[in-house]
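Reviewing the structure listed below.
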Amino acid sequence: NLLSTEDPLSTTNIRVGNSLEFTQGKENLLIDVKDQYDLFIYDVSGRLIWSIKDQIQPTEIAPAQLQNNVYIIKVVTSNETKSFKVLLAQ
C-alpha cells in the first residue's frame, strides 16, 4: 500500500482488522492502534529515521517533521506486525 499526501483535498484511510488504522491527509498522518504498539519509520534505503516504543495513544506525524520522500512505516503489537509505504510531501 502506498499512501500519499500530494493531493491537498485527499484523505486516505486504511483499516487493518479492528486494531489498526492509518489516516493520511494533507496536514498529518494519524496512526491509531487499539493495543500497545511500537512504531518505526524507515527511509527507502532501510535506515531507521524515527521510532516510538510502548505507545498507547494515537500517533500523529506532520509531513513537515520529515523530508519529502517515501517512507516505510512499521507497527508492531503483541499480536501482529504491519508495514506500509507512505509518500510524505509538503
Side-chain angles (χ1 to χ4, degrees):
N1 296 328
L2 178 64
L3 305 177
S4 171
T5 58
E6 287 188 44
D7 182 351
L9 299 177
S10 73
T11 299
T12 302
N13 191 12
I14 296 177
R15 180 178 286 287
V16 180
N18 293 323
S19 63
L20 177 60
E21 184 173 359
F22 288 84
T23 304
Q24 185 173 23
K26 182 178 192 273
E27 299 299 320
N28 65 16
L29 169 66
L30 182 67
I31 301 164
D32 189 8
V33 181
K34 303 302 181 214
D35 299 317
Q36 183 173 340
Y37 64 99
D38 299 336
L39 173 69
F40 304 93
I41 299 178
Y42 301 91
D43 66 12
V44 290
S45 68
R47 184 179 49 162
L48 181 64
I49 302 296
W50 194 55
S51 67
I52 297 177
K53 298 252 184 175
D54 302 323
Q55 184 72 358
I56 56 171
Q57 299 294 322
T59 300
E60 185 175 335
I61 301 166
Q65 291 177 285
L66 300 168
Q67 295 179 355
N68 294 352
N69 207 340
V70 174
Y71 295 93
I72 309 295
I73 297 184
K74 182 166 103 175
V75 177
V76 179
T77 69
S78 60
N79 298 327
E80 62 185 339
T81 298
K82 294 292 181 185
S83 298
F84 290 90
K85 288 184 225 170
V86 177
L87 173 61
L88 293 179
Q90 301 168 10

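Excluded from the calculations below are hydrogen atoms, water molecules and symmetry mates; all remaining heavy atoms, backbone and side chain alike, are included.
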Please output the side-chain donor-acceptor pairs of residues 29-36 that fall under 3.5 Å, not counting sequence neighbours, one pair per line with the distance.
from, atom 1, to, atom 2, distance (Å)
D32, OD2, K34, NZ, 3.3
Q36, NE2, D54, OD1, 2.9

Could you list the donor-acceptor pairs under 3.5 angstrom formed by side chains in residues 40-50, with sequence neighbours left out?
from, atom 1, to, atom 2, distance (Å)
D43, OD1, S45, N, 3.0
D43, OD1, S45, OG, 2.7
D43, OD1, G46, N, 3.1
D43, OD1, R47, N, 2.9
D43, OD2, S45, OG, 3.4
D43, OD2, R47, NE, 3.0
D43, OD2, R47, NH2, 2.8

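- Follow the hydrophobic side-chain contacts under 4.5 Å out from I52 and you never reach I72; the two are in separate clusters.
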Checklist entry - When you look at Y37 and L20, which way does the side-chain contact (heavy atoms from CB on, under 4.5 Å) test go after all the steps? => result CA-CA 10 Å; Y37 64 99; L20 177 60; over 6 Å; no
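- One distance of note links NZ of K53 with CG of L39; it measures 11.0 Å at 0.5 Å rounding.
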